[in-house]
Amino acid sequence: MQHPLPQDERLPLKLLLAPVILLFAILLLRLFYLQVVTSADYARESEENRIAQRRVKAPRGLIYDRDGRILARTRPFYTVALERTTRKDFEAATAAFTRAIGDIELDGEYSRKYRTIRLKRDVDFRTVSIVEERLKADWPLLDIEIETQRYYPYGTAAAHLLGYIGIIRDQDLQGNNENAYVLGDFIGKTGLEKVYEDSLRGRDGMMYVEIDATGRTGREFPERDRLPVPGDPLHLTLDLEVQLAAERALPDSFASALVALDPRTGAVLALVSKPAFDPNIFVSFQAQKARRRVLQSETVLLNRALQGHYPPGSTFKMVSAIAALETGVTDTRSLFEPCYGALRVGRSTFRCHKRTGHGSLTLPGAIEVSCNVYFYHLARLMSIETWHKYGAKLGFSQPTGITYPGEAAGLLPSRQYHEERGGWSFGHLLNLSIGQGSLLVTPMQMARYVAAIANGGYLVTPYVSGNPPRSQRIDGISSRTLSIVRKAMRRVVASDTGTGRRAQIDGVAIAAKTGTAQVPSRDDDAWMVAFAPYEKPAIAIAAVVEGGGSGGARVGPVVREVVKAFCIQEGIIEPEVTEMDTLLANPGMP
């Protein structure tokens, strides 16, 4: 016969059963949550662990010149990649890979941050075969990717304008869409590659493949794939023939720059800066030494056409002439005291480039032979404020507005500028009137300045792609004044005594102005600005050769070759037929 538990023994038993029942209840609730409430989430995570995502790189947009010739394109190359894994497996896989190919240098480092680690990029077919035939069985996470690499078929041509792309770094990710890039991607670093990065790079795609526990790939799921969207093409205003003519004509032994614009619209037809570089070295994984030399240079990457500061010398005399004509200081018939090779002003002597002098000259004659003394006389009759006002009207001391990072503004000195730096004297204006002193310009500013003279007084905004920006009519400079200056510039080339006669081309009327600018640290810089054809200007050019000496002698032939190439392209003149051309056209001739 069982006896009921005493009242004092039932209480501990109840206290023991209560937490057990509570724990079972919690367990049941947890099982219900896992198997019912979140079952879909876990199924999805399981699916994602079984299905691997692989990024498909979008091809970068092509860059064309104005006639559709490709200036920058892409080419495929092979990359050995390793799917994300543990550090131990990474070290073992890379050790096996380096032993197999006989090369210990790798492009990628271990990281848990990214799904794929690129071990070796731009490998040859031998390496691809080794991975596929010898290593893949033991290291299934090794894979061969097909990437695209930028290629510039014309090498150094227009390199400073096009710019280059390079491998993205952590600092490059700041400010960019970090979801759009991963370490090891390429990104535009300079030039138009940087300016148009967002449209050129395109949008990467994604493909899905099944993987097993060992990492081996199985079936694919094309219905899930997201195709890559190629980058947008970029069509430039650049004329490749004119660009190449300028590249060939400028000497390789001097630093130099040249800009050619369409004076009617501001379209950039050519832009050269020397010394140049080959942008292909920045995407090649075999050109580290060449890339390092360029990056360590203080001068090669400088875009002299847009960022170089130069005294313009006598090419700036048209500013003084325009200011004098508009203010009534002179006209086309006025004569000053004859030039005897120098002018004494106070205690200082200001010299002309021709030591024996030019004699009596009118304004057009002074521009034709580039007489300094005539312009000293003009300076004596005008103020620094007047000179500065017309220099500003013609676009100096301000960026031209071209879409390019880091364009320089130059320096158009004022009275205040000199007073803040040692004091103002009248001698400063005499030097400024002939383009010397503290005046600094860029070749792009000079090209826009000569374009304004050529087109009848409109200040264009240089551009390289798209529709032309609206040009601005220059107030306070009459058509009559510009006509006088254009006629004088025509005499510079057409006359037997003109300083620019070496730019002459049969069948094409060219107007120009030469300059020889004194620079303290080197020999004189050689300048020429020009436009052609004279009656209907379609090209405006500014060119400078650092330390080149005489502008007419050094740069005149350069301008001639550039104008000739442009006129051949436009059908204004016929191309010259060489003996080799004749032989090729008539192979049967002896």
Side-chain angles (χ1 to χ4, degrees), residues 310-391 411-441 484-485 488 491-492 497-499 513-527 549-552:
Y310 300 95
S314 295
T315 55
F316 211 78
K317 285 176 178 175
M318 281 90 74
V319 172
S320 300
I322 290 169
L325 288 167
E326 286 297 321
T327 56
V329 167
T330 190
D331 55 31
T332 57
R333 297 182 180 181
S334 296
L335 297 173
F336 294 111
E337 180 183 340
C339 170
Y340 296 110
L343 180 66
R344 183 79 174 175
V345 180
R347 297 181 180 180
S348 301
T349 300
F350 294 84
R351 301 190 179 280
C352 191
H353 69 89
K354 186 176 181 182
R355 295 301 176 89
T356 58
H358 294 99
S360 296
L361 295 169
T362 60
L363 177 62
I367 292 176
E368 175 189 334
V369 298
S370 199
C371 177
N372 290 347
V373 169
Y374 184 93
F375 285 89
Y376 296 148
H377 286 303
L378 290 185
R380 295 172 71 181
L381 298 174
M382 74 172 74
S383 65
I384 177 66
E385 287 75 18
T386 297
W387 175 88
H388 188 277
K389 180 177 75 171
Y390 283 93
L411 174 62
L412 188 68
S414 62
R415 185 188 298 270
Q416 181 182 355
Y417 173 86
H418 287 96
E419 288 175 347
E420 293 173 352
R421 292 164 178 79
W424 164 258
S425 71
F426 186 68
H428 288 129
L429 180 55
L430 267 66
N431 281 325
L432 293 172
S433 70
I434 62 167
Q436 290 290 168
S438 50
L439 172 66
L440 294 172
V441 300
I484 292 170
V485 171
R491 290 171 56 172
V492 170
T497 57
T499 57
K513 181 69 190 79
T514 59
T516 304
Q518 295 179 351
V519 183
S521 59
R522 58 175 178 262
D523 293 338
D524 296 345
D525 289 347
W527 273 97
S550 167

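We're numbering straight along the sequence, starting at 1.
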Practice task
For the residue pair Val519 and Asp524, establish whether any side-chain heavy-atom pair is separated by less than 4.5 Å.
Solution key: no
Practice task
Could you tell me whether the side chain of Phe426 reaches within less than 4.5 Å of the side chain of Val345, counting heavy atoms only?
Solution key: yes
With [X] via side-chain contact (heavy atoms from CB on, under 4.5 Å) - residues at least two apart:
X	value
Ala526	Val545, Arg554, Val555
Thr315	Pro312, Met446, Trp527, Val529
Ser433	Ser320, Phe375, Tyr376, Ala379

Only distances under 3.5 Å count here; give the side-chain donor-acceptor pairs of residues 348-363 to other protein atoms, sequence neighbours excluded, each with its distance to 0.1 Å.
residue: Thr349; atom: OG1; partner: Arg344; partner atom: NH1; Å: 2.9
residue: His353; atom: NE2; partner: Val369; partner atom: O; Å: 3.1
residue: His353; atom: NE2; partner: Ser370; partner atom: O; Å: 3.0

Considering non-hydrogen atoms only, spot the tightest contact between [X] and [Y] and give its length.
X	Y	answer
Asp331	Leu325	CA-CD2, 3.9 Å
Gly313	Ala517	N-CB, 3.7 Å
Pro413	His418	CB-CE1, 3.4 Å

Practice task
Show the numbers, then the answer: is there a side-chain contact (heavy atoms from CB on, under 4.5 Å) between Leu439 and Phe316?
Solution key: CA-CA 10 Å; Leu439 172 66; Phe316 211 78; 3.6 Å; yes
Handout entry: Any donor-acceptor pair under 3.5 Å from Thr327 side chain to Ala323 backbone
Key = yes
Practice task
Please state whether the rings of Phe336 and Tyr374 are parallel, tilted or perpendicular, taking 30° and 60° as the class boundaries.
Solution key: perpendicular
Problem - salt bridge (Lys or Arg N to Asp or Glu O under 4.0 Å) contacts in which one or both residues fall within residues 412-438, not counting sequence neighbours - result: Glu385-Arg415
Exercise for the section: Return each pair, listed once, that meets salt bridge (Lys or Arg N to Asp or Glu O under 4.0 Å) where at least one residue sits in residues 366-378; pairs must be two or more places apart or across chains. Expected result: Glu368-Arg491
Problem - CA sep, side-chain torsions, deciding dist, call: Ser314, Ile367, side-chain contact (heavy atoms from CB on, under 4.5 Å) - result: CA-CA 9 Å; Ser314 295; Ile367 292 176; over 6 Å; no
Problem - CA sep, side-chain torsions, deciding dist, call: Glu326, Thr386, side-chain contact (heavy atoms from CB on, under 4.5 Å) - result: CA-CA 10 Å; Glu326 286 297 321; Thr386 297; over 6 Å; no
